[in-house]
> 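Here you go, one structure.
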Amino acid sequence: MALPANLKTVVKHTAAEATQAAHEHVAKTLREAVEQRGQAYLALAGGTTPHALYQLLARTASTDEVPWPEVNVFFGDERDVPQDHVESNYNMAQRALLDHVPVKPEHVHPMPASASDIQAAAAEYESTVRRTVPDEANIPRFDLVLLGMGGDGHTASLFPDTEVLQENEKLVRAYFVPVLGRNRMTFTYPLINASRNVVFLVTGEDKAEATAAVLSQDEATRASKPAGRVVPAGELVFIVDIAAVRLTDFRP
Ligand code: 6PG
């Protein structure tokens, strides 16, 4: 057994170095997308890990590192809170990044996960993705989907032992997450796996068990975690620190 041929790992000694590597990779991917196709389509991750990455990317505002006016920003998942709520992934990204770079407001698409009719809101968000992101084989193809991973191996809001993991038609789903006791809205595997590039930024020893599973040589072990079932046709990069891979043989 072996890791998928398109899976690349970038192992750094510290979370700060991993974040810097992610910054360089994201900036390069967005530049190349715009050079090749005129626009870039990006889906941001939530949680706490990407905050420092977004702060680094915010510093590109005064450089030509990222062609922000040609970048279209979506969110891979969102909590069921208003967009100005401290737990909102959009709010975090807006404060750390989007308020500081010349991205066009009409190119930023927050996920409406606190809508009263969350199912209709998920369908509407899927329509927005389909209307905006160029498709191949009738599935919108992002240039870059940025993901984190929880200690249980969830990614975006694809949580273990939930039926949304089986979704192979809809591109965006909203559902009640039992382990959280809350609703979440999330990209599904068909949309994530259509991306040209997927980048996981995973740091910290609390992620070591899940990271060891998703970077296992054994396919069944990888698939035992939701993050391990992200198998894009394009490039898959895990950018990690040494704490996250302490249970593996991966080293800087
Ligand atoms: C979210 C994220 C989620 C996150 C993981 C890791 O909405 O929480 O999208 O998938 O990436 O939970 O979160 P941390 O980075 O906070 O460890």
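For ligands, and for the atoms within them, numbers begin at 1 and follow the listed sequence.
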> Tell me the protein heavy atom at minimum distance from atom 15 (O) of ligand 1, and give that distance in Å.
T49 OG1, 2.6 Å
> With the threshold set at 4.0 Å, does a side-chain nitrogen-carboxylate oxygen contact exist between K225 and E209?
yes
> To check your reading of the model: name the closest protein heavy atom to atom 11 (O) of ligand 1, its residue, and the distance in Å.
G148 CA, 3.3 Å
> Taking atom types as modelled, is there a side-chain donor on Q83 or N91 under 3.5 Å from an acceptor on the other?
no
> At under 4.0 Å between heavy atoms, is it the side chain or the backbone of M149 that contacts ligand 1, or both, or neither?
backbone
> Salt bridge or not between R37 and D143? Use side-chain N to carboxylate O under 4.0 Å.
yes
> Less than 6.0 angstrom separating the ring centers of Y41 and F74, yes or no?
no
> What's the shortest distance from atom 8 (O) of ligand 1 to any protein heavy atom, and which residue and atom give it?
R79 NH2, 2.8 Å
> With a 4.5 Å limit on heavy-atom distance, are the side chains of E124 and Q119 in contact?
no
> Using a strict 4.0 Å cut-off to heavy atoms of D77, name the atoms of ligand 1 that fall inside it.
1 (C), 2 (C), 7 (O), 9 (O)
> To check your reading of the model: name the closest protein heavy atom to atom 5 (C) of ligand 1, its residue, and the distance in Å.
H154 NE2, 3.4 Å
> Heavy-atom distances under 4.0 Å are what count here, so tell me which part of N89 touches ligand 1: side chain, backbone, both or neither.
side chain
> Relative to atom 16 (O) of ligand 1, which among T48, T155, L44, V202 owns the nearest non-hydrogen atom?
T48
> Checking a contact table here: which protein heavy atom is nearest atom 17 (O) of ligand 1, and how many Å away?
K207 NZ, 2.7 Å
> Would you check whether A156 reaches within less than 4.0 Å of ligand 1, judged by its heavy atoms?
yes
> Check this for me: does any side-chain nitrogen of one of D241 and K12 sit under 4.0 Å from a carboxylate oxygen of the other?
no
> Give a yes/no verdict on whether any heavy atom in E78 is under 4.0 Å from an atom of ligand 1.
no
> Do D77 and N89 make a side-chain contact, defined as non-hydrogen atoms from C-beta onward lying under 4.5 Å apart?
yes
> Taking the six-membered ring for Trp, are the ring centroids of F187 and F142 within less than 6.0 Å of each other?
yes
> What protein heavy atom sits nearest atom 13 (O) of ligand 1, and how far off is it?
G47 CA, 4.0 Å
